[in-house]
Amino acid sequence: MLTLQFLREQPDIILEGLKKRNFKEAETLVQQVVENDRLRRETQNTLDALKARSNADSKKIGELMKTGKAEEAAALRASVAADKDKIKSLEESLSEYEKNQIEILYKIPNVPAAIVPAGKSAEDNITVHSHGIIPTLHSGALPHWELIKKLDIIDFDLGIKIAGAGFPVYKGKGARLQRALINFFLDEANKAGYREIQPPVVVNEASGYGTGQLPDKEGQMYFVNADGLYLIPTAEVPITNLYRDVILNEDELPVKNAGYTPCFRREAGSWGAHVRGLNRLHQFDKVEIVQICKPEDSYRILDEMCAHVQGLLEKLELPYRKLLLCGGDMGFNSAITYDMEVYSAAQQRWLEVSSVSNFETFQANRLKLRYKNKESKTQLLHTLNGSALALPRIVAALLENNQTPDGIRIPKVLVPYTGFESI
RNA sequence: GGAGAGAUGCCAGAGUGGUUGAAUGGGACGGUCUCGAAAACCGUUAUACCCGCAAGGGUAUCGAGGGUUCGAAUCCCUCUCUCUCCGCCA
């Protein structure tokens with residue numbers, strides 16, 4: 001959620017930035033906020049003055065009663081009663097303006113950072129870095145959905161039997177590979193200075209609003225009706241919400257947390273081509289890294305986080321490319337996003353395995369996440385997060401790229417975790 | 001699932017209708033004292049919004065929402081959450 005101050009003081013910068021997202025309603029919405037805000041302030045002004053008068057009068061009545069001047073008190077009472085009616089109607093319109101303000105603000109996406117290119121779709125993203133060699137596979141090489149059947153390590157049919165499509169069952173070396181990757185990612189995060197967090201995998205409504213999944217993406221989350229809880233689509237939600245309504249001290253920054261959780265996504269309406277096998281699931285595992293920092297540090301930290309993710313991919317010996325997303329392909333909350341994609345050799349496709357974003361104050365404003373600066377003024381912080389990493393597509397790429405006629409070769413760095421060198 | 005208790009400032013905890021944004025204690029911060037520290041003493045210690053160049057002023061907030069009243073932390077209603085005991089249970 002953009003801050004009102006920003007909207008009020010620099011609407012031109014916002015409109016200019018939102019053009020890069022190809023966000024058509026920008027002008028209308030910004031105008032609405034500014035106008036609504038003007039009316040809100042006007043109303044609050046008269047309301048406050050009226051309340052001030054009635055407060056003072058009430059105090060006077062108390063004094064008059066004490067000194068036994070009942071008649072004067074009665075006269076004042078009448079005038080206060082009259083004010084009260086006005087106060088009530090002004091309060092109603094004030095809360096109407098406040099409600100409008102939130103509703104409009106929820107509809108305006110974050111303003112892209114200066115270096116984010118304009119664009120409409122994934123085709124306008126910019127490849128800023130690539131690494132590794134795309135492997136040439138032996139003849140008879142298979143896509144991962146064939147490999148997992150042949151090796152009997154990941155079973156979609158069993159998942160369908162006990163849950164539904166998109167909930168695979170990992171078996172034997174398949175399950176152990178999952179556990180190995182999770183532990184590897186967590187250990188690497190720990191080495192990089194992240195504190196490990198194990199959050200709940202369900203969150204309440206307030207948390208959904210805090211990180212911006214609600215109200216927009218309501219249909220994308222699984223919802224437990226009986227208890228009003230949402231299954232988390234990413235560990236970003238619980239881990240960032242730990243800091244909802246928090247004022248940090250400057251010396252606690254930056255906050256670096258990381259956590260492994262299963263992630264649940266309904267992916268409503270997004271099934272079809274290109275989503276075979278592990279490419280898109282309803283439940284998957286992911287290690288997420290989350291940082292909270294002072295505004296002036298966030299772009300340095302964004303680079304640091306990207307470097308961490310790239311390091312993981314390099315250690316896993318996976319060819320990858322790093323994309324700077326264009327305005328139109330970026331998430332609603334993000335000011336800038338880098339995607340990491342690995343090459344999946346049998347599918348001959350790039351697969352997104354990580355998304356590293358700086359939200360600047362956009363999330364912090366909703367979360368009321370602030371810090372006290374040196375002048376002991378409270379100021380909004382910046383939040384960032386990134387996948388480090390999401391498992392299924394990593395597994396898909398590992399299986400496809402590392403297949404040999406004799407089996408799947410496990411990357412060296414993982415062997416201490418898996419306890420085996422090939423599948 | 002059954003029964004009960006509670007929700008007040010950073011924390012603990014008082015306050016049952018009229019200068020109560022809120023006693024008191026603790027913590028934290030600043031100062032005095034000290035070579036330094038401890039102790040003691042003094043002081044400071046909320047957030048949001050509005051008006052204002054500023055100084056400053058106003059409004060709201062004692063879980064949330066509504067009601068009674070000229071006036072509510074205090075009375076009434078609804079909701080939420082937490083805790084305790086019992087039950088169930090990894």
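What you see below is based on every heavy atom in this structure, not just the backbone, and it leaves out hydrogens, waters and symmetry mates. Naming convention: chains lettered A, B, ... in sequence-line order (proteins, then strands); numbering from 1 in each chain.
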Tell me which nucleotide, if any, is Watson-Crick or G-U wobble paired with [N] when both distances must be under 3.5 Å.
N	value
U84(B)	A3(B)
A90(B)	none
A22(B)	none

Please measure how far the [atom1] atom in [N] lies from the corresponding atom in [M], and state the result in whole Å.
N	M	atom1	answer
C11(B)	G63(B)	P	13 Å
G18(B)	U74(B)	P	12 Å
A14(B)	G66(B)	P	29 Å
C33(B)	A73(B)	P	44 Å
U68(B)	C77(B)	P	15 Å

Salt-bridge test for [X] and [Y]: reply yes if a basic N is under 4.0 Å from a carboxylate O, no otherwise.
X	Y	result
Lys191(A)	Asp187(A)	no
Asp339(A)	Lys322(A)	no
Glu146(A)	Lys149(A)	no
Arg300(A)	Asp303(A)	no
Lys51(A)	Glu91(A)	yes
Lys107(A)	Glu103(A)	no

What is the nucleic acid contact for Arg8(A), judged by heavy atoms within less than 4.0 Å: base, sugar-phosphate only, or nothing?
sugar-phosphate
May I ask you to list the residues of residues 222-231 of chain A, by number, that have any heavy atom positioned under 4.0 Å from an atom of RNA chain B?
none
Could you state the atom-to-atom distance from [atom1] of [X] to [atom2] of [N] in whole Å?
X	N	atom1	atom2	value
Gln101(A)	A48(B)	CD	C1'	12 Å
Glu205(A)	C81(B)	CD	P	12 Å
Ile102(A)	A48(B)	CD1	P	15 Å
Asn249(A)	A28(B)	CG	C1'	10 Å
Asp245(A)	A48(B)	CG	C1'	12 Å
Leu50(A)	C51(B)	CG	P	17 Å

Within the pair Thr378(A) and A48(B), is there a side-chain N or O less than 4.0 Å away from OP1 or OP2?
yes
Any side-chain N or O of Arg41(A) below 4.0 angstrom from OP1/OP2 of C51(B)?
yes
Please list all pairs passing the side-chain hydrogen bond (donor to acceptor under 3.5 Å, both in side chains) test where one or both residues lie in residues 253-262 of chain A, with sequence neighbours left out.
Arg195(A)-Asn257(A), Tyr243(A)-Asn257(A), Lys256(A)-Glu304(A), Tyr260(A)-Asp285(A)
Does CD in Glu196(A) sit with more than 12 non-hydrogen atoms of other residues, nucleotides or ligands closer than 6.0 Å?
yes
How does each nucleotide of nucleotides 59-79 of chain B score, in 5' to 3' order, for protein heavy atoms under 4.0 Å: base (B), sugar-phosphate only (S), or none (-)?
SS------S-BBS--------
